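What follows is a single structure, written as structure tokens, with notes after it.
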Amino acid sequence: MTNPLPRAFYARSAVEVAPDLLGKVLVREIEGRRLTGRIVEVEAYLGSEDAASHAFRGPTPRNRSMFGPPGHAYVYLIYGMHHCLNIVTGPEGDGQAVLIRALEPLEGIEIMRARRGGVPDRRLTNGPGKLCQALGIDKRLDGHDLCLGETLWLEAGRPPAEPICAGPRVGVRGDDLALNRPWRFYLKGNLFLSPTPHNRLPCQTLP
DNA sequence: CGACAGATTATT
DNA sequence: ATAATCTGTCGT
């Protein structure tokens with residue numbers, strides 16, 4: 001039996017859901033094998049009010065799942081070669097989502113190593129494109145319902161012991177407001193964070 | 001329709 | 001620093 005997080009968990013603002021996703025377990029079932037990782041870094045994106053969001057200018061063929069119901073996956077191809085996994089949140093039609101930026105590998109590490117070409121374990125899932133490659137996530141999963149408990153879903157984990165930090169989002173462009181919003185959330189000091197310079201900057205610790 | 005930037009990564 | 005090369009946006 002699987003125990004996916006319920007739709008109600010996702011039916012809130014991305015800015016609320018994002019920090020709550022830290023410590024949750026992402027489960028990918030592929031050919032009967034479980035590949036899982038603990039979520040350690042995320043970024044929240046809103047819709048028409050967030051100049052850094054794919055949803056800022058409204059629906060397109062690529063981002064249409066962002067405008068669907070919460071609790072579904074939004075998977076897109078970036079730079080023509082890497083996939084990124086988002087979790088759709090908020091009310092349907094709003095275009096909110098949370099980007100999963102880094103995982104701490106839990107189960108299926110052997111398979112992740114094979115999929116990632118034998119890089120050191122520290123680099124298996126420490127970036128949005130890397131974790132998709134490690135878990136075999138691509139556009140076929142775009143629009144997938146995460147509340148079914150099939151193929152791809154999320155489960156509750158132990159509440160994180162590490163403090164939660166918030167800072168500016170990585171690699172985004174937009175107006176000053178979008179650049180400065182502290183909507184990147186991560187577990188302080190975790191070894192599997194993405195290799196961004198922000199890791200070394202002082203962070204605002206959430207209560 | 002052509003140019004170009006991009007929620008990235010591995011390599012030079 | 002740069003290449004890999006898919007999408008969307010903006011300008012001609």
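What's counted below: heavy atoms across the whole structure, side chains too, no hydrogens, waters or symmetry copies. All values derive from a computational prediction rather than experimental measurement. First the proteins, then the strands, lettered A, B, ... as listed; each starts at 1.
- Here the nucleotide nearest the side chain of A:Leu77, chosen from C:dC6, B:dT8, C:dA4, is C:dC6.
- Between the CZ atom of A:Arg57 and the C1' atom of B:dA5 there is a distance of 12 Å, given to the nearest Å.
- Of the C1' atoms belonging to C:dT7 and B:dA10, the separation is 22 Å, rounded to the nearest Å.
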A:Tyr74 and A:His54: CA distance, side-chain angles, deciding distance, side chain to side chain donor-acceptor pair (under 3.5 Å) verdict: CA-CA 11 Å; A:Tyr74 164 45; A:His54 286 177; 2.8 Å; yes
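- With centroids closer than 5.5 Å and planes inclined by less than 30 degrees as the test, A:Tyr79 and the base of B:dG6 fail to qualify as a stacked pair.
- In this structure, A:Leu193 atom CG and B:dT8 atom P are separated by 15 Å, rounded to whole Å.
- Picking from B:dA10, B:dA7, C:dG8 the nucleotide with the shortest atom distance to the side chain of A:Arg173 gives B:dA7.
- Side-chain contact between A:Val27 and A:Val25 is present, with at least one heavy-atom pair separated by less than 4.5 Å.
- OP1 or OP2 of B:dA7 has not a single side-chain nitrogen or oxygen of A:Arg184 nearer than 4.0 Å.
- Considering only the side chain of A:Asn86, B:dA7 comes nearest among B:dA7, B:dG6, B:dT9.
- Proximity of A:Lys139 to the phosphate of C:dT7: a side-chain N or O atom is located under 4.0 Å from OP1 or OP2.
- Consecutive Watson-Crick or G-U pairs involving DNA chain C, each under 3.5 Å on both distances, make up stems of three or more pairs at B:1-6 with C:6-11, B:8-11 with C:1-4.
- Using a 4.0 Å heavy-atom cutoff across all strands shown, A:Leu99 reaches at least one base atom of the nucleic acid.
- Put simply, CE on A:Met81 is 18 Å from P on B:dG6, counting in whole angstrom units.
- Put simply, CZ on A:Phe67 is 13 Å from C1' on C:dG8, counting in whole angstrom units.
- Comparing the P positions of C:dT5 and B:dC1 gives an interatomic distance of 23 Å, to the nearest angstrom.
- For A:Arg169 and A:Tyr45, the positive end sits near the middle of the six-membered ring, less than 6.0 Å away and at most 45° from its axis.
- When the nucleotides B:dG6, C:dG8, C:dA4 are ranked by their closest atom to the side chain of A:His82, C:dA4 comes out on top.
- Distance SG/A:Cys132 to CG/A:Asp138: 8.5 Å, rounded to 0.5 Å.
- Protein atom OH of A:Tyr76 is 16 Å distant from nucleotide atom C1' of C:dT5, rounded to whole Å.
- Residue contacts for A:Arg123: at a heavy-atom cut-off of 4.0 Å it reaches no nucleic acid atom on any strand shown.
- Rounding to the nearest 0.5 Å gives a distance of 7.0 Å between OH of A:Tyr76 and CZ of A:Arg62.
- Taking the side chain of A:Arg62 as heavy atoms from C-beta on, and the options B:dT9, B:dA7, C:dG8, the nearest nucleotide is C:dG8.
- Linking ILVMFWY residues whenever their side-chain heavy atoms come closer than 4.5 Å, directly or via other members, places A:Ile111 and A:Leu141 in the same cluster.
- In this structure, A:Asp175 atom CG and B:dA7 atom P are separated by 13 Å, rounded to whole Å.
- In this structure, A:Asn63 atom CG and C:dT9 atom C1' are separated by 13 Å, rounded to whole Å.
- A cation-pi arrangement is absent between A:Arg7 and A:Tyr10, since the terminal nitrogen or guanidinium carbon is not both under 6.0 Å from the aromatic centre and inside a 45° cone about the axis.
- A donor-acceptor pair is defined here as one N or O able to donate and one able to accept, closer than 3.5 Å; such a pair exists between the side chain of A:Asn63 and the backbone of A:Gly58.
- Taking atom NE2 of residue A:His54 and atom C1' of nucleotide B:dA5, one finds them 11 Å apart after rounding to whole Å.
- One finds no side-chain N or O of A:Arg116 lying less than 4.0 angstrom from the OP1 or OP2 phosphate oxygen of B:dT9.
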